Amino acid sequence: SISETIDQINAISATIASAVASAPLGLSNARSLGLGGAYTALARGNEAPLWNPANLSFKDNRGFSLNLFSLGAFVENNSFSLKNYNEYNGRFWDDQDKDNILSLVPSSGLNLNAQAEASALGLSIGSFSLVSYALGVSDLSFPKDPFELLLVGNQMNDTVSLKGTSGEAYAYAALSFSFGKSILRKGEKEIGIGANLKYLQ
């Protein structure tokens, strides 16, 4: 039936949109974070271009929406937790504390991953949207030796190795013009198509 065909096409479209939008976008959107990133089918208005521009074509899309500014970021590592920070921050560290802190860093070293996203002046009117945003991602690795030097100090003829130190990062800004068009509606069922035209710097 037409309804079943529409459901199948919508499922395929959502899958394709998720694959295309595999970059870590959505950090600056509180609702998408609250949903664990499962926002492809729900994004409307100026939020739609980052997830699925076809959503601009649906009848429940807001006629006008404006986002002045939003920002989101996260940092994760393989060694220290918030509990560790609260335990050791703001107090004098004795030798046992220093040993405990060093034991949190694995022999392979500290890995640090950070991401940040900012969006500004996102505008949608009907089926059209113009959105600007910036994204930065970094992945850093540090060996354990510098942490031992920092906490314990150095001895005569001591060797501190920086082998294993590495890092990579990228950042870009984007201006995206988006459009969505409905191609089939039957009751509550809809099929829409959409496109993003982006300028990346």
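Worth saying up front: this structure is predicted, and the values here are computed from it rather than measured.
- Atom CZ in F142 sits 8.5 Å away from atom OG in S166 (nearest 0.5 Å).
- Although no hydrogens or angles enter the test, the distance criterion places no donor-acceptor pair under 3.5 Å between the side chain of K98 and the main chain of V152.
- Looking at N100 and S103, their side chains never bring a donor and an acceptor atom within 3.5 Å of each other.
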- Query: Where do Q201 and Y199 land on the side chain to side chain donor-acceptor pair (under 3.5 Å) test, with the steps shown first?
  - Reply: CA-CA 7 Å; Q201 180 69 47; Y199 173 75; 2.9 Å; yes

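- Applying the under-4.5 Å side-chain rule to Ile, Leu, Val, Met, Phe, Trp and Tyr, the cluster around V160 extends to L149.
- With hydrogens and angles left out, the side-chain atoms of N196 and S178 include a donor and acceptor closer than 3.5 Å.
- Residues satisfying the side chain to side chain contact (heavy atoms under 4.5 Å, CB included) test with N78, not counting sequence neighbours, are P106, L110, N111.
- For the pair S65 (side chain) and N46 (backbone), a donor-acceptor distance under 3.5 Å is present.
- Taking A114 as the reference, V75, S138 meet the side chain to side chain contact (heavy atoms under 4.5 Å, CB included) condition, with sequence neighbours excluded.
- In this structure, F80 CZ and Y88 OH are separated by 10.0 Å, a value rounded to the nearest 0.5 Å.
- The backbone N or O of T165 sits nowhere less than 3.5 Å from a side-chain atom of S141 that would complete a donor-acceptor pair.
- With hydrogens and angles left out, the side-chain atoms of N67 and S119 include a donor and acceptor closer than 3.5 Å.
- A salt bridge links D97 with R91: the distance from a Lys NZ or Arg NE/NH1/NH2 to an Asp or Glu carboxylate oxygen falls below 4.0 Å.
- Judged by distance alone, with hydrogens and angles left aside, the side-chain atoms of S127 form no donor-acceptor pair with the main-chain N or O of S57 at under 3.5 Å.
- In this structure a side-chain-to-backbone donor-acceptor pair under 3.5 Å is missing from E117 to L71.
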